[in-house]
Amino acid sequence: MTRYSAFSILTNALRGNRDWTPAWRKAEPKAGYDVIIVGGGGHGLATAYYLASVHGVTNVAVVEKGYLGSGNIGRNTTIVRSNYRLPANSDFYEKSMQLWRGLSHELNYNVMFSPRGVLNLAHTPGQMDTYAERGNQMRLNGIGAELLDRDQVARLNPGLDVNGSARFPVVGGLLQPEAGNARHDAVAWGYARGADKLGVDILENTEVTGFLKEGGKIVGVQTRRNGEQADIRAQKVGVAVAGSTGRVMKLAGVDRLPIESTVLQAFVSESIKPIIPTVTTFGAGHLYVSQSDKGGLVFGGNIDYYNSYASRGNLPVWEEVTSELVAMFPNFARLRLLRSWGGIMDMSMDGSPIITTGPVDGMFLNAGWCYGGFKATPASGWCFAHTIAQDKPHDLNAAFTLDRFKDGRPIDELGAGPTPWYH
Amino acid sequence: MRITCPWCGERDHQEFTYRGDAAAKRPAMSDESIEAHQAYVYDRENPDGAHRELWNHTGGCRKHLVVTRNTLTHQITLCEPIGPWAKRLKAAAK
């Protein structure tokens with residue numbers, strides 16, 4: 001496989017770009033594997049990559065229903081951050097930040113990680129106090145954070161309305177300077193190429209229709225591929241299917257989980273010249289916006305708060321999100337939206353993820369990402385690979401078990417209680 | 001989405017507050033099994049299809065109702081009154 005470099009670009013250009021090879025093979029399924037990962041999205045591919053690269057488990061298949069990266073990895077608003085308060089989340093997401101920093105070099109694939117900063121706006125003095133507390137918490141955990149006053153926010157974000165007469169005037173903000181964005185598709189492609197290179201079979205257009213069970217233990221998956229049924233055996237099966245967790249786990253006989261699926265909408269505007277230097281969030285509602293390298297404003301807000309498996313939402317969220325955007329940046333009022341879309345979120349009962357052994361023997365579950373799964377992609381794969389290879393969680397994901405709900409140890413960053421539609 | 005409140009008639013869903021899965025039933029307080037209470041508080045069926053769920057008409061009569069809605073299409077097929085008011089509504093209908 002070609003190693004990408006300035007030299008390879010130059011030599012291929014001189015040869016008319018005829019010699020590029022596909023980034024990953026079109027693999028045919030074998031009869032059995034050591035590990036099967038269900039779900040060829042960011043988390044599944046990252047898991048396969050780290051299984052092969054860190055744990056030396058290369059007899060691995062990633063089974064994907066559609067084409068590679070066709071789910072939430074290609075639908076998110078690409079934000080990468082670790083501004084959490086609770087230690088379990090803080091340690092886990094900071095591990096992810098560490099992996100993000102070296103990811104392009106490690107994968108030899110440009111994931112366009114851009115640590116441009118994530119700025120959370122504060123609109124009341126009380127909110128500034130909360131941000132000061134959160135910033136201190138982050139610093140105690142070794143994560144950079146800066147509390148900005150109104151003038152510093154205005155200098156950082158010249159297009160922002162910081163006028164005192166605004167409905168929700170900006171009084172300051174909390175900046176995580178090392179947070180930012182990455183190119184979401186490139187993350188999936190980079191991990192796929194990296195895993196493929198180490199021998200992992202990536203089976204696209206292969207839908208899991210059931211699980212093979214022997215004596216209560218999962219020993220493989222039933223699949224439908226090109227209209228044909230085929231069983232693929234495996235010693236271990238990892239499930240990382242995000243919004244489809246409920247559906248896929250029912251196939252394994254797990255009817256109830258501390259997860260509800262909802263729809264999250266995202267939006268992109270027409271391209272304009274660079275105007276927002278950071279990822280910026282509105283503090284008086286819920287809106288996050290950044291500008292893509294093409295110039296489009298990529299933004300989103302709250303989930304449509306009822307259960308949903310429909311990859312489309314309703315108009316009230318459009319109204320809420322766009323009005324918040326215009327409240328922050330009045331000059332965006334005349335921009336047109338290019339696209340909007342909805343993705344299905346696996347909202348957990350405490351707003352924190354689940355990376356665990358079980359809940360069935362022979363199976364491992366990676367789910368409950370709510371709508372923050374993208375930033376977690378590297379650490380999620382890293383921890384899930386460890387959990388699968390070692391049959392027990394790493395310290396970083398030891399708290400993210402299913403048992404935590406029974407044991408009274410939920411990781412509820414927001415303090416919203418068991419109401420997944422509020423997380 | 002539009003929800004037909006049994007008391008107020010058809011209204012935009014923004015007038016309502018979502019209150020979650022209607023299937024969750026609190027175990028008796030004498031039930032000391034942790035599993036039963038954990039299942040009530042946390043475990044959900046999360047179906048793709050018909051889902052019975054609680055909504056409160058917060059922007060209207062403030063009464064609860066059970067809505068049967070398809071989570072794949074958002075189509076609402078049934079809006080049922082619940083609670084003590086439901087009996088009065090049924091009695092008034094007769």
Side-chain angles (χ1 to χ4, degrees), chain A residues 243-251 254-263 302-320 342 344-352 354 359 367-368 402-410 412 416-423, chain B residues 1-5 10-27 31-60 64-80:
Chain A
S244 297
T245 300
R247 285 197 274 226
V248 171
M249 293 304 284
K250 278 189 183 67
L251 299 176
V254 179
D255 288 334
R256 292 162 69 85
L257 282 169
I259 287 175
E260 293 193 327
S261 296
T262 59
V263 58
N302 273 321
I303 53 174
D304 284 40
Y305 45 88
Y306 38 81
N307 288 37
S308 177
Y309 280 93
S311 296
R312 61 190 160 78
N314 274 295
L315 288 171
V317 168
W318 286 47
E319 186 183 13
E320 182 185 321
I344 308 169
M345 305 295 121
D346 39 335
M347 303 298 294
S348 69
M349 280 283 172
D350 58 358
S352 295
I354 293 156
L402 279 167
D403 294 344
R404 70 179 188 259
F405 297 103
K406 192 170 72 184
D407 299 346
R409 295 179 286 104
D412 192 343
T419 48
W421 56 94
Y422 288 142
H423 285 294
Chain B
M1 290 194 317
R2 292 178 72 80
I3 295 175
T4 306
C5 174
E10 188 184 320
R11 300 294 170 89
D12 191 288
H13 78 279
Q14 271 193 295
E15 285 188 14
F16 298 80
T17 305
Y18 185 60
R19 303 288 299 157
D21 192 340
K25 289 277 180 285
R26 184 195 288 272
D31 186 345
E32 289 177 11
S33 142
I34 287 178
E35 283 74 17
H37 286 273
Q38 179 226 340
Y40 160 65
V41 177
Y42 294 115
D43 291 348
R44 298 289 178 265
E45 200 190 324
N46 191 23
D48 55 342
H51 187 234
R52 293 187 81 235
E53 55 203 20
L54 292 165
W55 290 74
N56 186 291
H57 196 183
T58 32
H64 277 89
L65 53 152
V66 176
V67 173
T68 305
R69 189 177 54 91
N70 189 320
T71 58
L72 288 165
T73 62
H74 297 164
Q75 191 186 14
I76 292 168
T77 48
L78 195 61
C79 299
E80 301 163 85

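Computed from heavy atoms alone, side chains included, the values below leave out hydrogens, waters and symmetry copies. Letters go in sequence order (proteins before strands), and every chain restarts at 1.
At most 12 non-hydrogen atoms from other residues, nucleotides or ligands lie less than 6.0 angstrom from CZ of B:Arg26. Within a 6.0 Å radius of CZ in A:Arg247, more than 12 heavy atoms belonging to other residues, nucleotides or ligands are found. Shown here is B:Glu80, whose CD atom has more than 12 heavy atoms of other residues, nucleotides or ligands within 6.0 Å. Atom CD of B:Glu10 has more than 12 heavy atoms from other residues, nucleotides or ligands within 6.0 Å. More than 12 non-hydrogen atoms from other residues, nucleotides or ligands lie less than 6.0 angstrom from NZ of A:Lys250. Surrounding CZ of B:Arg52 are at most 12 heavy atoms belonging to other residues, nucleotides or ligands under 6.0 Å away.
Residues B:Val41 and A:Met349 share a closest heavy-atom pair of O-SD, 4.0 Å. Among all heavy-atom pairs drawn from A:Arg256 and B:Ala39, the shortest one is NH2-O, 3.7 Å. The two residues A:Arg312 and B:Leu72 make their nearest non-hydrogen contact at NH2-O, 4.4 Å. Nearest heavy-atom pair, B:Trp55 versus A:Tyr305, reported as atom, atom and distance to 0.1 Å: CZ3-CE1, 4.0 Å. The heavy-atom pair separating A:Pro410 from B:Tyr42 by the smallest distance is CG-OH, 4.0 Å.
Between the CD atom of A:Glu319 and the CD atom of B:Gln14 there is a distance of 6.5 Å, given to the nearest 0.5 Å. Here the straight-line distance linking atom CD of B:Glu53 with atom CD of A:Glu260 works out to 9.0 Å at 0.5 Å rounding.
Note on B:Arg44, B:Met1, B:Glu45: by heavy-atom pairs under 4.5 Å with chain A, the leading option is B:Arg44. Comparing A:Ser311, A:Ser348, A:Pro418 by how many heavy-atom pairs each has under 4.5 Å with chain B, the most go to A:Pro418.
With a 4.5 Å cut-off on non-hydrogen atoms, A:Ile259 touches chain B through its backbone and its side chain both. The contact between B:Ile34 and chain A is made entirely by side chain atoms (from C-beta outward), counting heavy-atom distances below 4.5 Å. Heavy-atom distances place both the backbone and the side chain of B:His13 under 4.5 Å from chain A.
Judged by distance alone, the side chain of B:Arg69 and the main-chain N or O of A:Asn307 form a donor-acceptor pair under 3.5 Å. Side-chain atoms of A:Tyr309 come within 3.5 Å of backbone N or O of B:Asn46 as a donor-acceptor pair.
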